[in-house]
Amino acid sequence: NAGVMQNPRHLVRRRGQEARLRCSPMKGHSHVYWYRQLPEEGLKFMVYLQKENIIDESGMPKERFSAEFPKEGPSILRIQQVVRGDSAAYFCASSPPTGIEGYTFGSGTRLTVV
Amino acid sequence: GENVEQHPSTLSVQEGDSAVIKCTYSDSASNYFPWYKQELGKRPQLIIDIRSNVGEKKDQRIAVTLNKTAKHFSLHITETQPEDSAVYFCAADHYGNKLVFGAGTILRVKS
């Protein structure tokens with residue numbers, strides 16, 4: 001069981017570029033969650049998705065950020081026109097369809113905007 | 001929505017002493033309360049969890065207690081070791097859909 005896979009591990013983008021972060025849930029998990037962690041801060045919820053559905057996006061900034069979890073392939077967190085304030089670690093977690101127990105995190109993508 | 005507060009923000013203990021981290025939550029409908037440990041540059045990892053129908057749970061040197069009436073829960077680490085040094089996060093579920101995290105506690109175990 002490969003666990004929750006995130007890539008890339010590190011991503012450097014210039015201001016104004018787009019960042020695409022990928023997350024493949026654990027085998028058997030159908031729920032995906034994205035969190036942002038600023039340096040020396042906590043885990044802030046961004047969005048919760050199931051296949052082809054956004055269930056809760058209450059933590060997503062209104063502009064430039066979007067997420068999807070297509071029928072085939074990984075979940076994608078997209079940040080358009082990145083700014084320095086977007087620099088952070090972005091963690092993805094997944095859980096099984098049976099419930100929230102077993103919530104497992106990936107290794108994260110560290111985004112640096114230069 | 002759910003709000004989770006965590007105290008203290010930093011905690012220094014001598015090796016062998018106990019460490020206690022406390023959290024309060026706002027939503028009385030929350031039923032699941034996990035604790036995660038995050039080492040520098042790594043992913044948060046689940047160390048122990050508790051459901052609302054249980055008051056206490058132990059796993060070797062780690063225990064969690066829950067007071068559902070008062071809406072608070074605590075992590076207890078006994079006989080601390082240097083490898084326990086990390087950031088610890090508490091969390092509470094929001095309608096069984098997602099986890100809302102506390103701000104974290106930096107635990108330093110001095111040898």
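Just the heavy atoms: all of them, side chains too, but no hydrogens, waters or symmetry mates, feed the values below. Every chain is numbered from 1 and lettered A, B, ... according to where its sequence line falls, protein lines coming before strand lines.
With a 4.5 angstrom heavy-atom cutoff, Gln37(A) touches chain B only via side-chain atoms. Looking at Ser58(A), only its side chain comes within 4.5 Å of chain B, counting heavy atoms on both sides. For Phe105(A), the parts lying under 4.5 angstrom from a heavy atom of chain B are both the backbone and the side chain.
Met26(A) and Tyr48(A) are assigned to two separate hydrophobic clusters, defined by single-linkage of ILVMFWY side chains at heavy-atom distances under 4.5 Å. Both Leu21(A) and Phe69(A) belong to a single network of hydrophobic side chains, linked directly or stepwise wherever heavy atoms of I, L, V, M, F, W or Y lie under 4.5 Å apart. Taking hydrophobic clusters as Ile, Leu, Val, Met, Phe, Trp and Tyr residues chained together by side-chain heavy-atom distances below 4.5 Å, Tyr35(A) shares a cluster with Ile100(A). Cluster membership check: Val82(A) shares its hydrophobic cluster with Trp34(A), using side-chain heavy-atom separations under 4.5 Å among Ile, Leu, Val, Met, Phe, Trp and Tyr. In the hydrophobic cluster analysis, where Ile, Leu, Val, Met, Phe, Trp and Tyr join through side-chain heavy atoms closer than 4.5 angstrom, Val47(A) is grouped together with Val32(A).
Contact count versus chain B (heavy atoms, under 4.5 Å) is highest, among Gly106(A), Gly42(A), Gly99(A), for Gly106(A). Residue with the most contacts toward chain A among Asp49(B), Val100(B), Leu99(B): Leu99(B) (heavy-atom pairs, distance under 4.5 Å). Ranked by heavy-atom pairs under 4.5 Å with chain A, the first of Val87(B), Asn97(B), Asp93(B) is Asn97(B).
Within residues 16-46 of chain B, the residues having any heavy atom closer than 4.5 Å to a heavy atom of chain A are Tyr32(B), Tyr36(B), Gln38(B), Gly41(B), Lys42(B), Arg43(B), Pro44(B), listed by residue number. Of residues 50-81 of chain B, those residues lying under 4.5 Å from chain A by any heavy-atom pair are Arg51(B).
Annotation for Gln14(B): atom CD counts as buried by contact number, over 12 foreign heavy atoms lying within 6.0 Å. Dense packing is recorded around CD of Gln17(A), with more than 12 heavy atoms of other residues, nucleotides or ligands lying under 6.0 Å away.
Geometrically, Lys98(B) engages Phe45(A) in a cation-pi contact defined by less than 6.0 Å to the ring centre and at most 45° from the axis.
Residues Glu41(A) and Phe89(B) come closest through the heavy atom pair O-CZ, 4.1 Å.
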